[in-house]
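One structure is given below, encoded as C-alpha cells.
All heavy atoms count here, side chains included; hydrogens, waters and symmetry mates do not.
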Amino acid sequence: MPATASALAPIDPVDVLHKMILSSLDDDQAIETVSIPLAGKSSIADHMVIASGRSTRQVASMATKLAERIKAETGRRARIEGLPAADWVLIDAGDVIVHLFRPEVRSFYNLERMWAFGEAPPPATH
C-alpha cells in the first residue's frame, strides 16, 4: 500500500508547538483565543497567540501550566514576564509568543489591531 503524502510530510516543530499551545489554552478554558501568523512578517516569532482569562488567578494558572507543558513536551524553558500581577502575562516560547490578558487589559492594549498587518481589524468585543 503506497504511503500518503501526509505520511511523508516532515513534522514541523513550530507547528507542533503552536498546536500544543492552542490545545493547552483550550484545556484551561481561555477566552477569545486568537492566533496571528507572523512568519514572513516579523522576525520575532512565527506565531503570536493572544487569549484572555476571567481573572488574574486564571491568567496566572494558564501561564504557569503552559510554561510547564512547553518544558515537558519540548525540553525548552519558556520565558515568562508579568506573572506576579497577572494582568498581562507574556510567554516567550521561541517560535510562538503568547500574550495572556484579563479582558479589560486586553481591550486597552488591543494587540490584535497592532499586529493585523493591513488585514481587517477583528470585531470589537465588549
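Here the CG atom belonging to L100 is positioned 12.0 Å from the CG atom belonging to D87, to the nearest 0.5 angstrom. Annotation: the span from I70 atom CD1 to S24 atom OG amounts to 7.5 Å, rounded to 0.5 Å. Here the CE atom belonging to M20 is positioned 6.0 Å from the OG1 atom belonging to T74, to the nearest 0.5 angstrom. Taking CD of E81 as the reference point, atom CH2 of W88 lies at 10.0 Å (rounded to 0.5 Å).
Considering D46, V96, I44 as possible partners of L38, the one that fulfils the side chain to side chain contact (heavy atoms under 4.5 Å, CB included) test is I44.
A 4.5 Å side-chain heavy-atom check between L22 and V49 finds at least one atom pair inside the cut-off. Contact of the Q29 side chain with the Q58 side chain is registered, since non-hydrogen atoms from C-beta on lie closer than 4.5 Å.
The backbone N or O of I21 lies less than 3.5 Å from no partner atom in the side chain of R69, so there is not a single donor-acceptor pair. Side-chain atoms of D92 come within 3.5 Å of backbone atoms of G94 as a donor-acceptor pair (strictly under, hydrogens ignored). No donor-acceptor distance shorter than 3.5 angstrom exists from the side chain of S107 to the backbone of P103, with no hydrogens or angles considered. Within the 3.5 Å criterion, the main-chain N or O of L17 finds no donor-acceptor partner in the side chain of E73.
For K19, the side-chain hydrogen bond (donor to acceptor under 3.5 Å, both in side chains) partners are D15, not counting sequence neighbours.
Among all heavy-atom pairs drawn from G82 and V89, the shortest one is O-CG2, 3.6 Å.
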Intermediate values then yes/no, side-chain contact (heavy atoms from CB on, under 4.5 Å), I36 and H47:
CA-CA 6 Å; I36 301 171; H47 300 277; over 6 Å; no
